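Below you'll find the structure, written out as structure tokens, and then a few comments.
The first residue in the sequence is number 1, and the count goes up from there. The structure displayed is predicted, hence computed values, not measured ones.
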Amino acid sequence: MTLSLAARKGRAVIALLAALSLAACGFNSVPTKQEVAKAKWADVQAAFQERANLVPNLAAVAKGAATQEKAILTGVMDARAKATSIQVNAEDLSDPAKMQQYAAAQGQLSMGLGRLLASVEAYPELKSITNYQMLQSQLEGQENRIRISIRDYNAAVQDYNTEVRTFPTMIGARLRGAEPLVPYKSVTPGAEVAPSLEGKI
């Protein structure tokens with residue numbers, strides 16, 4: 001009787017130790033943090049999609065008041081089409097090339113919108129149009145939401161990547177086949193070179 005009681009207690013202790021060691025090696029924390037990063041990526045995609053949805057409205061208002069800026073409007077619409085055609089799903093978050101391609105497409109749209117907004121500022125009659133003011137305000141707010149979504153996604157990726165690369169949780173990560181995720185990096189051509197102010201001051 002005492003032998004079987006001791007055996008049961010021994011098995012219970014072994015089961016408890018096994019559960020604790022699995023918990024300590026990140027077997028549960030790794031997928032939890034991975035799911036958080038995936039959810040944050042969904043927020044980034046939603047923010048970019050909301051911006052893409054605003055572009056046709058802004059372009060329509062600008063087109064009516066500034067027909068000579070047709071090339072800029074065409075560029076914005078082309079950049080929007082490209083940006084919305086490139087999709088990065090949760091399985092692609094560990095593919096640096098796919099993430100860079102997505103960031104480049106979004107960067108082109110951002111630059112096109114910047115040029116459009118800057119060119120429109122030259123037309124006082126357009127700036128006074130209530131619809132334009134409303135759309136410009138919505139785009140500015142959307143850009144802020146995009147920045148916040150990207151910041152939150154990158155923080156979740158950093159947390160997850162730290163989890164899968166540090167001991168002892170890296171054991172559980174390897175058992176699950178978890179790969180590090182790629183943080184979002186904005187790709188703006190020429191951003192690494194400071195603009196020259198010579199002759200402009």
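- For the pair Val164 and Thr169, the minimum side-chain heavy-atom distance is 4.5 Å or more.
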Checklist entry - Could you go step by step and tell me if Gln87 and Gln45 meet the side-chain contact (heavy atoms from CB on, under 4.5 Å) rule? => result CA-CA 9 Å; Gln87 296 297 316; Gln45 288 182 307; 4.0 Å; yes

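- Under the 4.5 Å side-chain criterion, counting only non-hydrogen atoms from C-beta, Tyr184 is not in contact with Gln100.
- Side chains of Asn144 and Arg147: a donor on one and an acceptor on the other come within 3.5 Å.
- Side-chain contact between Arg176 and Pro31 is present, with at least one heavy-atom pair separated by less than 4.5 Å.
- One finds the CG atom of Leu109 at 9.5 Å from the CE atom of Met77 (value rounded to the nearest 0.5 Å).
- The distance from atom CD of Gln49 to atom OG1 of Thr84, rounded to the nearest 0.5 Å, is 6.5 Å.
- At a threshold of 4.5 Å between non-hydrogen side-chain atoms, the residues Arg145 and Asp43 do not count as touching.
- From Arg174, atom CZ reaches atom CD of Glu179 across 10.0 Å, with rounding to the nearest 0.5 Å.
- Across all non-hydrogen atoms, the minimal contact from Ala37 to Leu181 is CB-CD1, 3.6 Å.
- A heavy-atom distance below 4.5 Å is found between the side chains of Ser110 and Glu143.
- Here the side chains of Tyr153 and Leu93 are in contact, with some heavy-atom distance below 4.5 Å.
- Crowding of Lys82 atom NZ: a count of heavy atoms from other residues, nucleotides or ligands under 6.0 Å not exceeding 12.
- Of all the heavy atoms in Ala156 and Val36, the pair that sits closest is CB-CG1, 4.1 Å.
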Item to check | side-chain contact (heavy atoms from CB on, under 4.5 Å) evaluation trace for Leu113 with Arg51 | outcome: CA-CA 10 Å; Leu113 283 170; Arg51 177 179 71 175; 3.8 Å; yes

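- Heavy-atom minimum distance, Pro180 versus Ser94: O-CB, 3.3 Å.
- Atom CG of residue Leu54 and atom CZ of residue Arg80 lie 9.5 Å apart, to the nearest 0.5 angstrom.
- The heavy-atom pair separating Asn53 from Pro56 by the smallest distance is O-CD, 3.5 Å.
- In this structure the side chain of Tyr160 reaches within 4.5 angstrom of the side chain of Val30, judged on heavy atoms.
- No side-chain heavy atom of Gln142 sits under 4.5 Å from any side-chain heavy atom of Gln138.
- Closest non-hydrogen pair, Ile146 versus Ala47, comes out as CG1-CB, 3.6 Å.
- Note on Ile86: it clusters hydrophobically with Trp41, by side-chain heavy-atom contacts below 4.5 Å among ILVMFWY residues.
- Listed for the Asp92 side chain is no donor-acceptor partner under 3.5 Å among the backbone atoms of Met99.
- Criterion: ILVMFWY side-chain heavy atoms under 4.5 Å apart, direct or through other members. Under it, Val182 and Val88 are part of a common hydrophobic cluster.
- Here Lys40 contributes atom NZ and Glu35 contributes atom CD; the two are 13.5 Å apart, rounded to the nearest 0.5 Å.
- Between Lys33 atom NZ and Lys38 atom NZ the span is 15.5 Å, to the nearest 0.5 Å.
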